[in-house]
Amino acid sequence: MPRFLHPSPLLLRRWRRFQANPRGRVSLWIFSILFLLSLGAEVISNDKPLIIRYEGSFYFPLVTSYPETTFGGEFITETDYKDPEILKNLRQGDNWAIFPPNPHGYATIDLHATRPAPARPGDGHLLGTDDRARDVLARLIYGFRLSVLFALSLTLVGVVVGIVAGAIQGYFGGRVDLWLQRFMEIWGSMPELYLLIIFAGIFNPGIPLLLILLSLFGWMSLADYVRAEFLRARNLVYVKAARAMGASDRAIMFRHLLPNAMTPVITFLPFRVSGAILALTSLDFLGLGVPPTTPSLGELLRQGKGNIEAWWLSLSAFVTLVVMLLLLNFIGEALRDAMDPRKE
């Protein structure tokens, strides 16, 4: 069996300590389940049926687009499965269609609503509609997925860059460390929000632009922790022994020193994810984030601010954010206790 499939005794002890924390363990399970469910958002919330049986043939609208004439319509444009005539045809005789549990997409506008938008929960909308008659529950599901995926991507970039920068500083020290520290001080003093405002005015706002801009600054705090760990361990006996045996600097840094410097990296991961979620939500609330049509928790909060009487907009986004951040913070606390060297 490959060596990496055999976890070390230290890793097993830390995992047992993490499992011994019921709040962290349950939070990890809940967050993982919610995230996995959100990855299949198209199956949970969509205005297209999952499967259709029409006149003896089966159709899969989530995979293939069908013209309206396929189901007895008059136009060759893509089928609107909310059209009463289409729904009538799909339910006649032996025909049937299976819709997702929430039969609304995040961009679906309810053209047959009986109340003005934003509408209270009811009439087929579990959490009501927003100011454009779009289903709030659908936008929460897709917004949750977008927030977590963005946060994970931003955290991954920040961790990789922070580890490399901190490792170079801590291992080589001297002038390399001095010049990189001065660079980080100058770079960290730049007004991040102003840069975001400037670039949002020059380029079309979107997830790639936000990911690039926030990644430019999100690695520095982690680099400091990695630098400190490398500075502490670079003159230990096993490092000197590796040098004496002819190991390269890269091998010493990433094979010998890095595994022993991963404690602060792993400990801060949930908190970095929660910080990235808050950053995206804040930028969307200010109108500097994703385009308006993109499902976003910050965009829902901004709608709630503009429609004070529509309490369901602010409340649903607020509860979603609180649950996400609480789960991540509980996971982070459990990881911090499990990785505590004083409990080894």
Side-chain angles (χ1 to χ4, degrees), residues 34-35 37-39 41-42 44-48 80 82 100-151 154 193 196-197 199-201 203-211 213-214 273-328:
L34 291 177
F35 178 54
L37 288 175
S38 71
L39 292 178
E42 287 78 8
I44 299 174
S45 182
N46 208 315
D47 58 354
K48 298 179 180 180
D80 177 11
K82 293 287 188 177
N102 185 48
H104 307 284
Y106 69 86
T108 304
I109 297 176
D110 191 353
L111 301 176
H112 308 283
T114 58
R115 293 180 293 179
R120 291 173 175 269
D123 292 343
H125 298 279
L126 188 62
L127 296 179
T129 61
D130 64 4
D131 58 3
R132 300 181 187 179
R134 298 172 299 193
D135 187 70
V136 172
L137 177 58
R139 296 189 69 79
L140 280 178
I141 295 173
Y142 285 87
F144 176 89
R145 180 176 68 178
L146 175 67
S147 298
V148 176
L149 288 177
F150 176 84
L154 183 61
L193 182 59
L196 287 170
I197 295 173
F199 281 104
F203 303 101
N204 291 326
I207 291 297
L209 178 63
L210 288 178
L211 187 60
L213 292 177
L214 293 178
V273 173
S274 61
I277 292 174
L278 280 177
L280 178 63
T281 303
S282 303
L283 292 173
D284 289 339
F285 179 78
L286 296 173
L288 301 174
V290 296
T293 56
T294 306
S296 165
L297 301 178
E299 191 261 348
L300 267 179
L301 289 174
R302 189 169 73 249
Q303 285 195 35
K305 176 178 176 292
N307 301 273
I308 299 298
E309 72 285 353
W311 51 267
W312 55 92
L313 296 176
S314 300
L315 181 62
S316 57
F318 174 76
V319 170
T320 303
L321 275 174
V322 168
V323 170
M324 291 170 64
L325 299 180
L326 276 179
L327 292 176
L328 287 169

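The closest donor-acceptor contact from the side chain of Q303 to the backbone of D131 lies under 3.5 Å. Checking side-chain atoms of R139 against main-chain N and O of Y106 turns up a donor-acceptor pair under 3.5 Å. No donor-acceptor pair closer than 3.5 Å links the side chain of K48 to the backbone N or O of G105. Using a distance-only test at 3.5 Å, with no hydrogens or angles considered, no donor-acceptor pair links the side chain of H125 to the main chain of H104. At distances below 3.5 Å, at least one donor-acceptor pair connects side-chain atoms of R302 with backbone N or O atoms of D284. Listed for the Y142 side chain is no donor-acceptor partner under 3.5 Å among the backbone atoms of A107.
We find the CG-OG distance between L321 and S274 to be 11.0 Å, quoted to the nearest 0.5 Å. The CZ atom of F35 lies 9.5 Å from the CZ atom of R145; values are rounded to the nearest 0.5 Å. We find the CH2-OG distance between W311 and S316 to be 9.0 Å, quoted to the nearest 0.5 Å. Atom-to-atom distance recorded for K82:NZ and D47:CG is 6.5 Å, nearest 0.5 angstrom.
When side chains are defined from C-beta on, L149 counts as touching L39, because their heavy atoms get closer than 4.5 Å. No side-chain heavy atom of R115 sits under 4.5 Å from any side-chain heavy atom of T129. Put simply, the side chain of V290 reaches to within 4.5 Å of the side chain of I207, judged on heavy atoms. The shortest side-chain heavy-atom distance between D130 and L313 falls under the 4.5 Å cut-off. In this structure the side chain of L283 reaches within 4.5 angstrom of the side chain of L214, judged on heavy atoms. Proximity of I277 to L328: side-chain heavy atoms (C-beta onward) are separated by under 4.5 Å at one or more points.
Annotation for R120: atom CZ does not count as buried by contact number, only 12 or fewer foreign heavy atoms lying within 6.0 Å.
Across all their heavy atoms, I141 and I44 have their closest contact at CD1-CG2, 4.1 Å. Nearest heavy atoms, W312 versus V136: CD1-CG2, 4.3 Å. Contact between P103 and P101 at its shortest, heavy atoms only, is CD-O, 3.5 Å. Closest heavy-atom contact between S147 and L297: OG-CD1, 3.9 Å. Of all heavy-atom pairs between P100 and S45, the closest is CB-N, 4.1 Å.
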Problem - side-chain contact (heavy atoms from CB on, under 4.5 Å) between D123 and D110, intermediate numbers included - result: CA-CA 11 Å; D123 292 343; D110 191 353; over 6 Å; no

Problem - side-chain contact (heavy atoms from CB on, under 4.5 Å) assessment of L34 paired with M324 - result: CA-CA 9 Å; L34 291 177; M324 291 170 64; over 6 Å; no

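In summary, E299 and R134 engage in a salt bridge, as defined by a charged side-chain N under 4.0 Å from a carboxylate O.
Looking at D135, L126, L300, V319 one by one, the single match for side-chain contact (heavy atoms from CB on, under 4.5 Å) with L140 turns out to be L300. Each of L325, T320, L327 was compared with V323 under the side-chain contact (heavy atoms from CB on, under 4.5 Å) criterion, and only L327 meets it.
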